[in-house]
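For reference, the structure discussed in these notes is given below.
Everything numeric in this text was worked out from a predicted model, so none of it was measured. All chains are named by letter (A, B, ...) in the order of the sequence lines, taking the proteins before the strands, and each is independently numbered beginning at 1.
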There are 2 protein chains.
Amino acid sequence: MTQGEAPPRPARSRPTMREVAALAGVAIKTVSRVFNDVPTVDPAIVARVREAADQLGYRPNLTASSLRRGDGRTATIGMLVEDAANPFSATLTRTVENVARERGVLVLVGSLDEDPARERELARALVDRRVDGLVIVPAGRDQSYLIAEQNTGTRMVFVDREAGLLDADAVVSENRQGAIAAVNHLLKAGHRRIAYLGDRTAIPTAAQRFDGYRHALEVAHIAYDDEIVRHAGSGEDAAVAATEQVLSLPDPPTALFTSQNFVTIGAVRALHAMGLQHTVAHVGFDDFPLADLLSPGVSVIAQDVVQVGRTAAEMLFRRLDGDESPTRTVTVPTRLIERGSGEIPAKGPGND
Amino acid sequence: MTQGEAPPRPARSRPTMREVAALAGVAIKTVSRVFNDVPTVDPAIVARVREAADQLGYRPNLTASSLRRGDGRTATIGMLVEDAANPFSATLTRTVENVARERGVLVLVGSLDEDPARERELARALVDRRVDGLVIVPAGRDQSYLIAEQNTGTRMVFVDREAGLLDADAVVSENRQGAIAAVNHLLKAGHRRIAYLGDRTAIPTAAQRFDGYRHALEVAHIAYDDEIVRHAGSGEDAAVAATEQVLSLPDPPTALFTSQNFVTIGAVRALHAMGLQHTVAHVGFDDFPLADLLSPGVSVIAQDVVQVGRTAAEMLFRRLDGDESPTRTVTVPTRLIERGSGEIPAKGPGND
DNA sequence: CGACGCTGAGACAACGTTGACTGGGCGAGA
DNA sequence: TCTCGCCCAGTCAACGTTGTCTCAGCGTCG
């Protein structure tokens, strides 16, 4: 901890166009024109104004500008994700930021922690700041509270999950199909007893993935057994416990399908702790960093997060550019990545 | 891809206080008072105003409010990080968001990608939106361009690296000491030939960690050998290549110190690819998820990112609350986490 | 019973900017 | 040479809100 020097905080108030105008000897409006690159201003005056502005350290006030301006645009969008710190949300945020950046638009970020009340609260906070649009990974199942905002011109795109009770654009991953692909992959390796470990079914994506799991079993004529099905919630610890329980059953599964990032990691942890990582097959939904470096590598159904984020951002900006076509839900495909854990056969050579 | 229904976009403009006032039969100022919880308003009138507001779907316009208001606060702060998608930045963002949230403040996020030009550009974009304060992980070494903003009342705290040519608060990790601890740990396991793999020394934290490495060797009376020192840049691929080169030398190191997240992961990848992960000792700077699940687990010098972020946010808000004390740099301690890779002894039993 | 103070709501201007309009000066055409 | 029109800078008001001031009404106290 080092000490700094004097505290010279004049707290001088920020210069305005008025002061720049006075120093340059022109009208305020002329300064405005210069900063808006209006071409009909005499180059000599432009130079004089810019010099005055630099000298004063003038920076235009975008909030005042957007207030007066016809379109009322703030060049800011809002982004509500589950948790800014988790890799999925972080990648999504960065992707949206990239698209926004090309248009000089900044991104306000908020984390919802799967709390619908917080979703409403933060959405309102964003609306109160008059963001031009919203990108939302919804926590709740009812977004009707946004109808009024939609009607007054706030554009919005939902990501990962569709909006409930609201007609809005959405970009989602192929959850059901992805889950089916995961289970089929395990079936192909000879497994007949495949456990499902997932998030609470209150979360739409979890419900869809669970649905895919059941469907794939049904098609394969395998009876559903809720002994080996756990909806543990998204905590890693809960997933560890659920995995250990399921694997300790008298008739344990020979394969696991985990339907969410943290659940997958929890399951991997449990498998390693029990020394079963090379015995029990495992496919997870959602890729994660270093999955390939573990031993065995963890096979996953990977979502194309970048594609999801980019699509959502592009849809939003198309709306902001005046697109009035009917709302759409775009589904982004998932992809199976084989890394070893999902290819462990049902019975080891020489085993029962 | 499903089709939505009709496109009912009246694009009706948003209701204002004026309309609420008209509907409630009161003056605009009274509506203002109601929404600012001024206690001297008749409860009956409050009810009438709130009802009118709800009926119209009125939401206060914070940009107009902050324009007129005395303090000019926007209840928004700006956060500039290296890359919103990387775990360090993401955790930092989330932590700052948490502190801001308690005060009803929202966070604008921007990624700099280690580009000083982009830093200036984004900092200006934030200032133009009149954020109340800035939290910056600087990309460049010269922040003097912010002096004007500082003088006009924009508060700022630097994170991970101190500001250059600017007197400002900062929160940094114990980079040099951490590096020394890492090297000492390897020395204790008997290693005398310890490679350094790090980011470009243009990045201050990398320079400090490198400095710690050299210092620790010097104290141990080990000659510095730049054959086993690589400043690879932060790309994972570059780190893989550098690691492979160093380990392919005629006289290869018996231990690695990697001074940054991605470099560490690249080195792990290379060690695994060469089958040396149980032979060559390795300590990385900066923790990463799943480091404990690898085999061997990767020993690291962990930064307390949450502590760093929280401290920075709290310093910023203290400034915003009027703290005028001299600027400070707070150093947050790092911590060695032993997981196996750093404890591999210099010579395997029966070797050499 | 009158004056005074207090309570609570409204009128007005202003925050920093830009849209709409105005007006002066100059060149071109008659 | 005079007029018309154009070009460019300036004046004014307004965006949605709040700080300051005013004022009506009522209760209280002498």
Quick check on DNA chain C: between Arg59(A) and Ile45(B), whose nearest nucleotide comes earlier from the 5' end?
Ile45(B)
Phe317(A): partners by ring-ring contact (aromatic ring centres under 6.0 Å, His included), with sequence neighbours left out:
none
Considering only NZ, NE, NH1 and NH2 on the basic side and carboxylate oxygens on the acidic side, decide whether Arg120(B) and Asp115(B) come within less than 4.0 Å.
no
Does a side-chain N-to-carboxylate-O contact under 4.0 Å join Arg14(B) and Glu149(A)?
yes
Between which nucleotides of DNA chain D, 5' to 3', does chain A make heavy-atom contacts below 4.0 Å?
dC8(D) to dG16(D)
Tell me: CG of Leu67(A) to P of dT18(C), nearest whole Å?
11 Å
With sequence neighbours left out, write down each residue that passes side-chain contact (heavy atoms from CB on, under 4.5 Å) with Asn98(A), or none if nothing qualifies.
Arg94(A), Arg101(A)
Considering all heavy atoms, the nearest Ala90(A)-Ala84(A) contact:
CB-O, 3.7 Å
Identify every side-chain donor-acceptor pair in residues 38-56 of chain B under 3.5 Å, counting partners at least two apart or on other chains, and give the distances.
residue: Asp42(B); atom: OD1; partner: Ala44(B); partner atom: N; Å: 2.8
residue: Arg48(B); atom: NH1; partner: Ala24(B); partner atom: O; Å: 2.5
residue: Arg50(B); atom: NH2; partner: Val34(B); partner atom: O; Å: 3.4

Within residues 19-38 of chain B, the residues having a heavy atom closer than 4.0 Å to DNA chain D are Ile28(B), Lys29(B), Ser32(B), Asn36(B)
Determine which pairs satisfy ring pair (Phe, Tyr, Trp, His ring centres under 6.0 Å) with at least one residue from residues 129-158 of chain B, sequence neighbours left out, and list them in order.
none
Angle by which the axis turns from one end of the helix from dC1(C)-dG30(D) to dA30(C)-dT1(D) to the other, five pairs per end, to 10 degrees
60°
Please enumerate all residues that pass side-chain contact (heavy atoms from CB on, under 4.5 Å) together with Asp71(B), with sequence neighbours excluded.
Arg69(B), Arg73(B)
Toward the 5' end of DNA chain C, by each residue's nearest nucleotide, Thr16(A) or Gly70(A)
Thr16(A)
Quickly work out the Arg18(A) CZ to dT18(C) P distance and round it to whole Å.
14 Å
Considering residues at least two apart in sequence or located in another chain, which fulfil the ring-ring contact (aromatic ring centres under 6.0 Å, His included) criterion with Phe35(A)?
Tyr58(A)
For nucleotides 24-26 of chain C, give me every protein contact, N/O to N/O, under 3.5 Å, one pair per line with atom names.
none

Residues which pass salt bridge (Lys or Arg N to Asp or Glu O under 4.0 Å) with Arg118(A), listed by chain and number, not counting sequence neighbours:
Glu121(A), Glu97(B)
Looking at Asp169(B) and Arg319(B), is there a salt bridge between them, counting it only when a charged N and a carboxylate O are closer than 4.0 Å?
yes
Can you tell which of Leu126(A), Val109(A), Leu108(A) makes a side-chain contact (heavy atoms from CB on, under 4.5 Å) with Leu80(A)?
Leu126(A)
Using the side-chain contact (heavy atoms from CB on, under 4.5 Å) criterion, which residues pair with Glu82(A)? Sequence neighbours excluded.
Asn86(A), Ser89(A), Glu114(A)
